[in-house]
Amino acid sequence: MRLNSWLIILCLTGLSLLLGGHTFGINQDAYYLPLIFPGPSDVYRQSLNQYVTWFYPMIVFFSRFISVTVVWFIFHLISIFIFVLGLVLLSRILFKTSLPGYLAVLFLMFPKFSLGGIMVGINHGYLYQSFFVFPFGLLCLWLFTRQKELLAFSLAGLMANFHSLTAIHLLAWLGLALLLAKKIRLATIGLGLFLLFSLPIIWQNFQSNIFHSSIVSLSGWLAFNQLRSGHHLFPFTWDLIPWFKGLWPLIGLFFIRQQRVRLLIGSAMIIFIFALIFTEFFPLKFIIQLQFFRLSMYLVVLGWLGLAAKITLLPLKFNLPLIAALLLLTLHLPPKTSGYDQNWLAAQLWLRTNTRPDSQLYLLPFLPTFRSFSLRSHNLIWPETTIGIVNDQAIISGFKLLADYQIDWRALGSASPIITAQLIAKARQMPPEAILQLARAESASYLVLPSDWIWPKEPVYQNGSFKIISLE
């Protein structure tokens, strides 16, 4: 590429960062910060410790030399740059010009929906391991479409060390595409290279005893994860709107003529059918855990790239209004820092400064995690029970949580948002003595409540969003 192309890529990277913003630890990434900041062991931390990845240890390593927030920002910037670069490289190989890639960057600058309600975009406003790894998958696709298959498999193998799920999706997708093209020998060598480059994380998984026996029955596992994560895992629980949001951008795939992409589309369809059969008809736990519907994230990116290519061919009087309409209709702004976020952080820092390191907290189950910055342990809360996908103990704790607050989950099916609303309503109806009994059962020293919660005892700390009650 010429210098002017690199300058445009850098400018689009800066624009994506500027418009999407950057935060550290105040969004979904907060739930993974215990992998960076040490704290007392509990069910949630034990569950996280089973999650084997190089991403967070790498953050910890570099934070020995510079601030962890600076390291986080640098990795966020790298992920944005690789995403923009991947779109432009794919555009050049698929359409012989960078222009559709530049336009696709504008479309994907803010996250878009894919199947299963998973958002895909250049800048989510925050970072965690899957966001960092995903853009490198675009480079795998670029290599694959350039018939550099072995390099694509090697890169996917390296990616497995940082986010195994994304890498496994690419392995299945690219490998099956080669099998459909009757290139069995190439697919076999590619599998070998993938395993070779992912060997470190495979070895760590065996060392961490990830293949432990289940302590929850398959029916119990299915029931809980349909309840908590059905909107991600189980297609038959999705309403028509999530299906529409995830599928309509795939129209753009019809505008990509390259044979390799056609093979990839066919490969993805087979994988989706396979995943559907062994999720909804003959459920297999390990297939559901692999979350193959997340592969649609790459198809959505290709779809937007195809739409961008088609739009660039239209006369100016048509394409400008169409670009504006698509940008406005699909705008999904990433979260920004709010007063609530600042109060959440302030309450945690107070706990970190004014309580013993072994102090146990009790949070009402609908509140956000307090582990990330307080470095204190607390009961498993409803937002954290998504880890039940891979940890049976979290499922047991999750069912106990619902029983503690008298939630009739059997009547709800897949209804995590409804459960959150019911938890709020049930908790407000409970007398203080009942909540105290739950807190004492967890050996809690402090109780964390919303600031507007009526409580007979004066708080030891309060701000505009939270109050902390001492139970000592």
Side-chain angles (χ1 to χ4, degrees), residues 1-2 5-6 9 13 53-55 58 75 78-98 100-101 104-105 120 122 129-203 253 256-268 270-271 290 292 294-295 297-299 301-302 305-306:
M1 287 192 297
R2 295 180 178 178
S5 296
W6 286 107
I9 289 170
T13 299
T53 174
W54 283 5
F55 180 75
M58 187 171 60
F75 275 72
I78 290 171
S79 73
I80 294 172
F81 171 77
I82 297 297
F83 205 126
V84 174
L85 176 64
L87 284 172
V88 174
L89 290 175
L90 280 169
S91 177
R92 290 170 68 89
I93 196 70
L94 297 179
F95 308 111
K96 312 304 180 187
T97 173
S98 300
V105 169
V120 55
I122 295 171
Q129 67 281 0
S130 62
F131 294 168
F132 177 75
V133 169
F134 180 87
F136 290 91
L138 298 180
L139 299 185
C140 287
L141 295 182
W142 172 67
L143 290 168
F144 189 82
T145 53
R146 290 187 65 206
Q147 299 187 17
K148 305 288 186 182
E149 298 91 345
L150 299 184
L151 286 175
F153 281 103
S154 299
L155 178 56
L158 286 172
M159 291 166 56
N161 296 292
F162 297 90
H163 193 246
S164 300
L165 207 60
T166 300
I168 291 171
H169 296 164
L170 287 167
L171 172 66
W173 191 24
L174 304 184
L176 183 56
L178 288 180
L179 293 178
L180 291 175
K182 300 180 180 179
K183 296 188 176 183
I184 299 174
R185 181 174 177 273
L186 196 59
T188 305
I189 297 173
L191 172 61
L193 286 170
F194 177 91
L195 293 174
L196 176 65
F197 284 98
S198 61
L199 195 58
I201 212 70
I202 293 173
W203 176 249
L253 296 174
I256 304 177
R257 304 295 182 184
Q258 201 205 56
Q259 183 61 27
R260 279 297 174 95
V261 175
R262 296 299 175 89
L263 277 174
L264 288 171
I265 294 170
S267 172
I270 293 172
I271 290 172
L290 288 175
F292 278 115
R294 292 171 69 105
L295 183 59
M297 297 165 67
Y298 284 109
L299 291 181
V301 170
L302 289 174
L305 189 57

- Note on the structure: Residues passing the ring-ring contact (aromatic ring centres under 6.0 Å, His included) test with Phe83, sequence neighbours excluded, are Phe134
- Message: Test of understanding: with ring-ring contact (aromatic ring centres under 6.0 Å, His included), list the residues that count as partners of Phe95, not counting sequence neighbours.
- Response: none
- Query: Which value, rounded to the nearest 0.5 Å, describes the distance between Ser98 atom OG and Leu89 atom CG?
  - Reply: 8.0 Å
- Item | Listed partners of Arg146 passing side-chain contact (heavy atoms from CB on, under 4.5 Å), at least two apart | Ile93, Trp142, Lys148
- Task: Scan Val105, Ile82, Val301 and name whichever one has a side chain to side chain contact (heavy atoms under 4.5 Å, CB included) with Ile122.
- Result: Val105
- Mind checking side-chain contact (heavy atoms from CB on, under 4.5 Å) for Ser130 and listing every partner two or more places apart, or none if nothing turns up? Tyr128, His163, Arg294
Just list the side-chain donor-acceptor pairs under 3.5 Å for residues 257-265, sequence neighbours left out, or say none.
from, atom 1, to, atom 2, distance (Å)
Gln258, NE2, Thr145, O, 3.4
Arg260, NH1, Phe144, O, 2.8
Arg260, NH1, Glu149, OE2, 3.0
Arg260, NH2, Glu149, OE2, 2.4
Arg262, NE, Ile256, O, 3.0
Arg262, NH2, Ile256, O, 3.3

- Does Asn161 use its side chain to pair, donor to acceptor, with the backbone of Ile201 at less than 3.5 Å? yes
- Item | Contacts of type ring-ring contact (aromatic ring centres under 6.0 Å, His included), residue Phe292, not counting sequence neighbours | His169
- Pair listing, salt bridge (charged side-chain N to carboxylate O under 4.0 Å, His left out) test, anchored in residues 177-200, at least two apart: none
- Which residues pass the salt bridge (charged side-chain N to carboxylate O under 4.0 Å, His left out) test with Arg92, sequence neighbours left out? none
- Which atom names give the shortest non-hydrogen contact between Ser91 and Gly101, and what distance separates them? OG-N, 3.0 Å
- Message: Between Thr53 and Ser164, is the side chain to side chain contact (heavy atoms under 4.5 Å, CB included) condition met? List the steps.
- Response: CA-CA 8 Å; Thr53 174; Ser164 300; over 6 Å; no
- Query: With sequence neighbours excluded, what pairs up with Phe136 under the ring-ring contact (aromatic ring centres under 6.0 Å, His included) test?
  - Reply: Phe132
- Message: Is there a side chain to side chain contact (heavy atoms under 4.5 Å, CB included) between Leu295 and Leu299? Walk through the geometry before answering.
- Response: CA-CA 7 Å; Leu295 183 59; Leu299 291 181; 5.6 Å; no
- Message: Could you tell me if the side chain of Leu186 sits less than 4.5 Å from the side chain of Leu150, heavy atoms only?
- Response: yes
- Note on the structure: Those residues at least two apart in sequence (or on a different chain) that pass side-chain contact (heavy atoms from CB on, under 4.5 Å) with Ser267 are Trp173, Leu176, Ala177, Leu180, Ile271
- Distance-minimising heavy-atom pair for Phe162 and Gln129: O-CB, 4.0 Å
- Spacing of Leu302 atom CG and Leu87 atom CG [to the nearest 0.5 Å]: 9.0 Å
- So do Ser5 and Val88 actually touch side chain to side chain, heavy atoms under 4.5 Å? no
- Message: Could you tell me if the side chain of Leu138 sits less than 4.5 Å from the side chain of Tyr298, heavy atoms only?
- Response: yes
- Task: Can you measure from CG (Leu178) to OG1 (Thr188) and round to the nearest 0.5 angstrom?
- Result: 9.5 Å
Ignoring hydrogens and angles, write down the donor-acceptor pairs under 3.5 Å from the side chains of residues 191-199, residues two or more places apart or on other chains.
from, atom 1, to, atom 2, distance (Å)
Ser198, OG, Phe194, O, 2.7
Ser198, OG, Leu195, O, 3.4

- Message: Just to verify, what does Leu155 make a side-chain contact (heavy atoms from CB on, under 4.5 Å) with, not counting sequence neighbours?
- Response: Leu139, Cys140, Leu143, Met159
- Item | Contact summary for Leu170 and Ala156, nearest pair of heavy atoms | CB-CB, 4.3 Å
